[in-house]
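What follows is a short report on a single structure.
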Amino acid sequence: DLMSVNPRKTLEYVAKVGYKELETAGYSEGKMYGLDPSEFYGIVTDLGMKMVSGHISFKDLKSDWGRVLQMLEDTGQKYVVLPHLEENERNLEVYYEVIELLNERGAELRQLDKVMAYHNHAFEFEVTSGQIPYDILLNETEADLVDMELDLYWIRNAGVDPVTYFESHPGRFSMLHV
């Protein structure tokens with residue numbers, strides 16, 4: 001919440017605590033927490049930190065891809081993470097649209113030595129039309145094009161054992177939220 005109030009001051013605190021790598025979650029319409037990506041990147045690097053990954057909305061992945069690519073160039077960020085689907089998007093039709101888009105963007109990003117990833121919440125583990133959406137995402141996205149960022153809180157919140165997924169899908173989880 002503090003990032004939306006004062007990004008610079010918040011980042012100074014984060015750096016002082018000792019963090020060296022960041023995953024952002026404030027990209028929207030070409031801005032990062034209201035700042036141009038190059039300006040935001042300058043603050044981060046001035047504080048001795050590195051941007052590793054960032055959450056990019058489904059909407060921005062679909063309709064603002066050019067600016068997302070420019071942001072990646074401006075920041076050196078390696079991972080682009082789809083973090084969330086809106087409640088009205090949580091149906092099988094949209095999940096298959098997401099899978100197609102993740103594979104497509106993943107192929108483009110691999111050519112740039114970047115990585116497309118998906119971040120879960122608990123809703124992906126709720127049965128939808130007789131299926132578990134997270135299983136569909138794992139099985140239908142191309143393993144060499146789309147990584148997974150497993151959020152351990154949310155998978156446990158859904159009552160699911162993350163170890164089962166690690167064992168069933170070795171190499172798919174390049175990032176964790178702990």
| Gap between atom CG of Leu176 and atom CG of Asp151 - 0.5 Å precision | 9.0 Å
| Any chance the side chains of Tyr153 and Asn120 put a donor and an acceptor closer than 3.5 Å? | no
| message | Is a donor from one side chain sitting under 3.5 angstrom from an acceptor on the other, for Tyr79 and Glu149? | response |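 No, Glu149 and Tyr79 have no side-chain donor paired with an acceptor closer than 3.5 Å.
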Partners meeting salt bridge (Lys or Arg N to Asp or Glu O under 4.0 Å) with [X] (sequence neighbours left out):
X      : value
Lys50  : none
Arg110 : Asp147
Glu89  : none

| field | Side-chain ion pair, Glu126 and Arg90, N-O less than 4.0 Å | value |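 No.
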| field | Check ion pair Glu108-Arg105 (N to O, under 4.0 angstrom) | value |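 Salt bridge between Glu108 and Arg105, a charged N being under 4.0 Å from a carboxylate O: yes.
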| field | Neighbour count above 12 (heavy atom, 6.0 Å) for Asp113 CG | value |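 Counting neighbours around CG of Asp113, 12 or fewer heavy atoms of other residues, nucleotides or ligands fall under 6.0 Å, so no.
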| field | Within 6.0 angstrom of Gln70 CD, more than 12 heavy atoms from elsewhere | value | yes
| request: Specify whether Tyr134 and Phe125 have parallel, tilted or perpendicular ring planes, treating 30° as the upper limit for parallel and 60° as the lower limit for perpendicular. | output: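 Ring orientation of Tyr134 relative to Phe125: tilted.
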| request: May I ask you to check whether His121 and His55 place their ring centres under 6.0 Å from each other? | output: no
